[in-house]
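One-based numbering, in listed order, for ligands and for the atoms of each. Computed from a prediction, not measured in an experiment: that's the story for all the values here.
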Amino acid sequence: MSTTILGIESTAHTAGVGIITSEGTILSNQRSVYIPEEGEGIHPREAANHHSEELPKLFKKALDEANLSSKDISLVSYARGPGLGPCLRTGATAARAFAYSNDIPLLGVNHCVAHLEIGLLEGAKDPVLLYLSGANTQVIAYAAGRYRVFGETIDIGIGNGLDKFAREAGMGFPGGPKLEKIAEGDELIDLPYSVKGMDLAFSGLMTAAKQKLESGYSLGQLAYSVQETAFAMSCEVSERALAHTGKTELVLGGGVACNSRLREMAMTMASERGVKCFVPEKALCVDNGVMVAWLGHQMMNADYQITEEDNVVNQRYRTDMVEVTWR
Ligand code: AMP
Ligand code: MG
């Protein structure tokens, strides 16, 4: 029997409500992004205020677009972490209010695992995920009952790094797509390439780029060089994860995976290794409610038993804390 699942995303800057069927047909993907004031980073409480104002509208828009009423929904799934505390609590409150008032089961899921699972909807079976988002940067693959983190950032997320450099260069949020637009040239400016074992560091790279900007290098060339360096680092670690696990599929996820140059580099690396590269559409790469709904469905479909702990938010809910029972 076909069922319909509603998912709520609120871990950071994006409030999202998505609706998907148990067959994987996306009925709606409504999003609203909190944009900090010019020159500022994300204020967790202001982002949460944004979400509490937007979520009721997003519920309505999603149900309207899907041409459904709340009684057609068989599961409410929300991202219980990792993320910013006030944002998580706002999403959880909205999820509880909607689920309890309509007598629908409620399940809190892991945001990073949701990014991975939506990639499987593209047809990948057992991939390495290169997950590049604002706050998170991880290379993930399934092994022995869990999604294991093979490599990750040891300081800031790649997207937050791009946003920070862009902000310092006088560009608004989100900086990643703005840098992509102005990236030009083919002359690589030397910047720190920090791959440590399987881990990555972006902070020094962004600081060096800012210093080079102040000493007169062109912004377009720096944007180009930051992208080339940060993306090459990310592809290198992914390639090593592919080599180590012997997996033959690569999936891209996270907002930075919207970047055309990153996509091109990942596809080149994959094709040179004989690996298939899956690139979800942009609306599914960025934070969204659809991926949250889809993961909730995967779990319940495998007879997952909801516990009380599943409905408590967890700011530090790591990818490898989730026992993967649905594969
Ligand atoms: P997420 O946290 O997964 O929703 O992703 C948000 C992050 O993705 C922000 O840091 C954005 O700057 C970044 N981002 C979005 N589009 C692009 C792009 N085209 N190039 C680089 N970064 C991007
Ligand atoms: Mg994300």
Side-chain angles (χ1 to χ4, degrees), residues 7-16 18 29 31-36 40-42 44 47 50-51 78-84 87-88 91 109-119 129-138 140 147 152-153 156-169 171-183 202 205-206 209 223-235 251-266 279-292 294-295 315 317-319:
I8 299 154
E9 162 61 32
S10 76
T11 59
H13 41 67
T14 299
N29 185 7
R31 304 172 60 249
S32 170
V33 180
Y34 156 75
I35 311 274
E40 307 270 319
I42 296 179
H50 164 270
H51 298 348
Y78 76 95
R80 58 176 280 244
L84 305 169
C87 299
L88 290 172
V109 305
N110 183 289
H111 171 92
C112 304
V113 173
H115 273 289
L116 194 143
E117 286 288 332
I118 200 69
L129 171 73
L130 173 56
Y131 169 40
L132 303 178
S133 77
N136 301 294
T137 302
Q138 294 183 326
I140 305 168
Y147 286 119
E152 65 187 318
T153 178
I156 53 173
I158 183 170
N160 286 357
L162 294 170
D163 294 339
K164 183 162 179 282
F165 173 59
R167 188 166 71 238
E168 284 159 353
M171 287 178 271
F173 180 88
K178 300 198 162 96
L179 291 172
E180 176 176 18
K181 276 210 192 87
I182 59 156
F202 296 103
L205 162 62
M206 301 306 168
Y224 166 82
S225 304
V226 165
Q227 285 198 161
E228 293 299 302
T229 308
F231 298 164
M233 287 160 50
S234 308
C235 288
V251 167
L252 304 185
V256 181
C258 294
N259 187 287
S260 308
R261 180 60 183 140
L262 182 267
R263 289 173 174 228
E264 186 186 330
M265 284 167 83
V279 186
E281 61 171 283
K282 290 183 181 178
L284 296 178
C285 280
V286 293
D287 287 351
N288 66 88
V290 170
M291 67 179 190
V292 175
W294 185 240
L295 172 56
Q315 278 174 254
Y317 190 21
R318 281 184 57 86
T319 305

Q) Which protein non-hydrogen atom lies closest to atom 22 (N) of ligand 1, naming both residue and atom, and how far is it? A) Gly176 CA, 3.3 Å

Q) Which heavy atom of the protein is the closest neighbour of atom 16 (N) of ligand 1, given with residue, atom name and distance? A) Gly255 O, 3.4 Å

Q | Closest protein heavy atom to atom 13 (C) of ligand 1, given as residue, atom name and distance to 0.1 Å | A | Val256 CG2, 3.8 Å

Q: May I ask whether His13 places a heavy atom under 4.0 Å from ligand 1?
A: yes

Q) Do you know which N/O/S atom name in Asp287 is closest to the Mg ion (ligand 2)? A) OD1

Q: Could you grab the distance from atom CG of Leu116 to atom OG1 of Thr319, nearest 0.5 Å is fine?
A: 8.5 Å

**Q.** For Glu40, all residues meeting salt bridge (Lys or Arg N to Asp or Glu O under 4.0 Å), sequence neighbours excluded
**A.** none

Q) Identify the closest protein heavy atom to atom 20 (N) of ligand 1: which residue and atom is it, and at what distance? A) Asn259 ND2, 3.0 Å

Q. Between OH of Tyr131 and NE2 of His111, what angle is found at the Mg ion (ligand 2), rounded to 10 degrees?
A. 80°

Q: Taking the six-membered ring of Tyr317 (Phe, Tyr or Trp), confirm whether the NZ or CZ of Arg80 is under 6.0 Å from its centre and within 45° of its axis.
A: yes

Q: Measure Asp163 to ligand 1 on non-hydrogen atoms and call it side chain, backbone, both or neither using the 4.0 Å cut-off.
A: side chain

Q: Tell me which protein heavy atom sits closest to atom 19 (N) of ligand 1, plus the residue, atom name and distance to 0.1 Å.
A: Glu180 OE1, 2.7 Å

Q) Taking only residues two or more places apart in sequence or in another chain, which ones pass ring pair (Phe, Tyr, Trp, His ring centres under 6.0 Å) with Phe165? A) none

Q | Nearest protein heavy atom with distance in Å, relative to atom 7 (C) of ligand 1 | A | Gly134 N, 3.7 Å

Q: Step through it carefully: locate the ring centre of Tyr34, locate the ring centre of His13, and say whether they are under 6.0 Å apart.
A: no

Q.
Looking at ligand 1, would Ala12 count as a contact under a 4.0 Å heavy-atom criterion?
A. no

